[in-house]
Amino acid sequence: VIMATAVVGFAVAKTPNIDQARIDSEVARILKQVEQRPESKQPDGKAIRQEVVKHLQSIEILKNAALKAGLDKDPEVRNQFLTMEAEFYAAQYADYLKRTAEINNAELLKFYDQQTRMIKIQQVSFDTPEEARAAQELLLKGLSFEELTKRYPNQQPAFEDFVMARQLRQPLAGILGPMNRGEVTHNPVEIENKFFLFKISEVQKDPQAPPFDLIRDQLTQLLKEDKAQQQIHQLLRKNGIEQ
């Protein structure tokens, strides 16, 4: 009798009701992920919905058990929850910036040029920023960059060939990428406790770059991501966080 009563009690336990909009949202999220995989087959929407309902009910049961156990009052659990909550909203904000970024054709063409641009670089390194600025004064007085490289023998590995501007490490990609042929950096660039002056000696388009129209959609997404990152960095700097 005792066993029968226990079984009956277990059998009639009610599973949580999950709001339909919450289920739809999770199903849509999973379907989007599946569709973005190039090797994926046609997703089984019905099976996915069943798994979503089961998953949401399961975590709801476990959440309620955790609250009943008083874990929401545990300081360490609370701290971890607040961190996860902040990370979630931070990721959602980044996605929001990408979704709402406005891209015009001129920006896209300029971005395509940056993505397919190859440059040849000359450089001179110095031990202090004062030495680098003194060398800049010589350039302003008419000394050529080639003569400058002879006066200050290069202590660093030289750039022998063309390089993709976008593949340079930061801060070089941001500084050298937009520069034109013949331009010299306006300020010394500090890298690993050395100070550099750079000149763009040649510029060309990557001969293997795909046509603009072929990768237009891909470029649009990349530019939206780039704009979102710039906005995030600006917001962080405004609030005292340097990256």
**Q** With a 4.5 Å cut-off on side-chain heavy-atom distances among I, L, V, M, F, W and Y, is there a chain of contacts connecting L31 to I18?
**A** yes
**Q** Please check if the side chain of R166 supplies one atom and the backbone of Q115 the other of a donor-acceptor pair under 3.5 Å.
**A**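 Between the backbone of Q115 and the side chain of R166 there is a qualifying donor-acceptor contact (under 3.5 Å).
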**Q** Find the distance between NE2 (H55) and CD1 (I48) and round it off to the nearest 0.5 Å.
**A**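 Rounded to the nearest 0.5 Å, the NE2-CD1 separation comes out at 13.5 Å.
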**Q** Considering non-hydrogen atoms only, spot the tightest contact between K98 and A228 and give its length.
**A**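 What the structure gives for the nearest pair is CG-CB, 3.6 Å.
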**Q** Let me check something: do I59 and L71 share a hydrophobic cluster, defined by ILVMFWY side-chain heavy atoms less than 4.5 Å apart, either directly or through other members?
**A**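 No: no chain of side-chain contacts under 4.5 Å links I59 to L71.
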**Q** Can you check side-chain contact (heavy atoms from CB on, under 4.5 Å) on F145 and L139, steps first, answer last?
**A** CA-CA 7 Å; F145 202 89; L139 293 174; 4.1 Å; yes
**Q** Going by distance alone, is a donor N or O of one side chain under 3.5 Å from an acceptor N or O of the other, for Q230 and D226?
**A** yes
**Q** Looking at every non-hydrogen atom in both residues, tell me the closest pair between A209 and T116 and how far apart they are.
**A** CB-CG2, 3.5 Å
**Q** State plainly whether the residues K227 and E102 are in salt-bridge range, i.e. N to O under 4.0 Å.
**A**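 A salt bridge is absent here (no side-chain N lies under 4.0 Å from a carboxylate O).
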**Q** For E146, is there an ion pair with R151 - N to carboxylate O distance below 4.0 angstrom?
**A** no
**Q** Going by heavy atoms in the side chains, are I200 and N180 under 4.5 Å from each other?
**A** no
**Q** Pairing donors with acceptors under 3.5 angstrom, does anything connect the side chains of E147 and S144?
**A** yes
**Q** Just do the side-chain contact (heavy atoms from CB on, under 4.5 Å) check on L176 and T185 with the steps written out, would you?
**A** CA-CA 8 Å; L176 303 183; T185 46; 3.8 Å; yes
**Q** Are the side chains of V34 and K32 in contact, using a 4.5 Å heavy-atom criterion?
**A** no
**Q** Strictly distance-based, threshold 3.5 Å: is any side-chain N or O of D74 a donor or acceptor partner for the main-chain N or O of G70?
**A** no
**Q** Mind listing the closest non-hydrogen atom pair of L97 and Q231 along with its distance?
**A**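 Of all heavy-atom pairs spanning L97 and Q231, the closest is CD2-NE2, 3.8 Å.
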**Q** Going from CE on M84 to CG on N79, what distance comes out if it is rounded to the nearest 0.5 angstrom?
**A**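 Rounded to the nearest 0.5 Å, the CE-CG separation comes out at 13.0 Å.
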**Q** Do N187 and L197 come close enough that some side-chain heavy atom pair is under 4.5 Å?
**A**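 N187 vs L197: side chains apart.
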**Q** Heavy-atom distance under 4.5 Å between the side chains of M118 and V203, does that happen here?
**A** no
**Q** Can you find a heavy atom in the side chain of F111 that is under 4.5 Å from one in the side chain of Q114?
**A** yes
**Q** Using atom types as modelled and distance alone, determine if a side-chain donor or acceptor of Q234 lies under 3.5 Å from a backbone N or O of K238.
**A**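 No; zero donor-acceptor contacts below 3.5 Å.
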**Q** Show your reasoning for whether side-chain contact (heavy atoms from CB on, under 4.5 Å) applies to D19 and I23.
**A** CA-CA 7 Å; D19 185 78; I23 296 171; over 6 Å; no
**Q** Does N104 have more than 12 heavy atoms from other residues, nucleotides or ligands lying within 6.0 Å of its CG?
**A**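 Correct, the count exceeds 12.
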**Q** Are V163 and F198 in one and the same hydrophobic cluster, where Ile, Leu, Val, Met, Phe, Trp and Tyr link if side-chain heavy atoms are under 4.5 Å apart?
**A** yes
**Q** Can you measure from OG (S201) to NZ (K120) and round to the nearest 0.5 angstrom?
**A** 6.5 Å
**Q** Report whether L168 and F162 are members of the same hydrophobic cluster (ILVMFWY, side-chain heavy atoms less than 4.5 Å apart, transitive linking).
**A** no
**Q** Distance from E183 atom CD to K199 atom NZ, nearest 0.5 Å?
**A**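 Reported to 0.5 Å precision, the distance equals 11.0 Å.
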**Q** Between the main-chain N or O of A21 and the side-chain N or O of S25, is there a donor-acceptor pair closer than 3.5 Å?
**A**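 No, the answer is negative, given that no donor and acceptor are paired below the 3.5 Å cut-off.
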**Q** For residues P210 and Y112, report the shortest heavy-atom separation together with the two atoms involved.
**A** O-OH, 2.7 Å
**Q** Heavy atoms, side chains only, cut-off 4.5 Å: are Q136 and P188 in contact?
**A** yes
**Q** Before accepting this row, confirm whether a basic side-chain N of the pair E26/R29 lies closer than 4.0 Å to the acidic partner's carboxylate O.
**A**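 Between R29 and E26 there is a salt bridge, with a charged N closer than 4.0 Å to a carboxylate O.
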**Q** Let me see the working for L235 and Y93 under side-chain contact (heavy atoms from CB on, under 4.5 Å), right down to the final yes or no.
**A** CA-CA 12 Å; L235 180 60; Y93 183 62; 4.1 Å; yes
**Q** Run the ring-centre check on F196 versus F126 and record whether the distance is less than 6.0 Å.
**A**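 Aromatic pair excluded; centres sit 6.0 Å or further apart.
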**Q** P178 and A173: which non-hydrogen atoms are nearest, and at how many Å?
**A**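 Minimum heavy-atom separation between P178 and A173: CD-O, 4.1 Å.
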**Q** Within a strict 4.5 Å, meaning less than it, do heavy atoms of the L219 and R216 side chains meet?
**A** no
**Q** Is any side-chain heavy atom of H233 closer than 4.5 Å to a side-chain heavy atom of R237?
**A**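 A side-chain contact exists here, since the closest heavy-atom pair is under 4.5 Å.
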**Q** With a sphere of 6.0 Å drawn around CZ of R22, does it hold more than 12 non-hydrogen atoms of other residues, nucleotides or ligands?
**A** yes
**Q** Between atom CD1 of I103 and atom CG of L108, what is the distance when rounded to the nearest 0.5 Å?
**A**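 Going from the CD1 atom of I103 to the CG atom of L108 covers 7.0 Å.
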**Q** Drop me the distance from D161's CG to I119's CD1, to the nearest 0.5 angstrom.
**A** 13.0 Å
**Q** Please indicate whether Y89 has more than 12 foreign heavy atoms, meaning atoms of other residues, nucleotides or ligands, lying under 6.0 Å from its OH.
**A** no
**Q** Applying the 4.5 Å side-chain criterion to the ILVMFWY set and letting contacts propagate, would L143 and V184 be lumped into a single cluster?
**A** yes
**Q** I'd like to know if E192 and R169 make a salt bridge, using a cut-off of under 4.0 Å between side-chain N and carboxylate O.
**A**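 The answer is yes: the pair qualifies as a salt bridge.
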**Q** Might you point out which heavy atoms bring Y152 and V124 nearest each other, and give the distance in Å?
**A** CB-CG1, 3.5 Å
**Q** Report the C-alpha distance between E60 and K63 in whole Å, list the side-chain angles of each, state the deciding distance to 0.1 Å, and finish with yes or no for salt bridge (Lys or Arg N to Asp or Glu O under 4.0 Å).
**A** CA-CA 5 Å; E60 198 69 26; K63 183 197 80 171; 3.0 Å; yes
**Q** Tell me whether D127 is salt-bridged to K194, with the criterion being a basic N under 4.0 Å from an acidic carboxylate O.
**A** yes
**Q** When you check the gap from the basic side-chain N to the acidic O, do D24 and R49 get nearer than 4.0 Å?
**A** yes
**Q** Hey, are K110 and E107 close enough for a salt bridge, meaning a charged N less than 4.0 Å from a carboxylate O?
**A** no
**Q** Strictly distance-based, threshold 3.5 Å: is any side-chain N or O of R117 a donor or acceptor partner for the main-chain N or O of M164?
**A**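 Absent.
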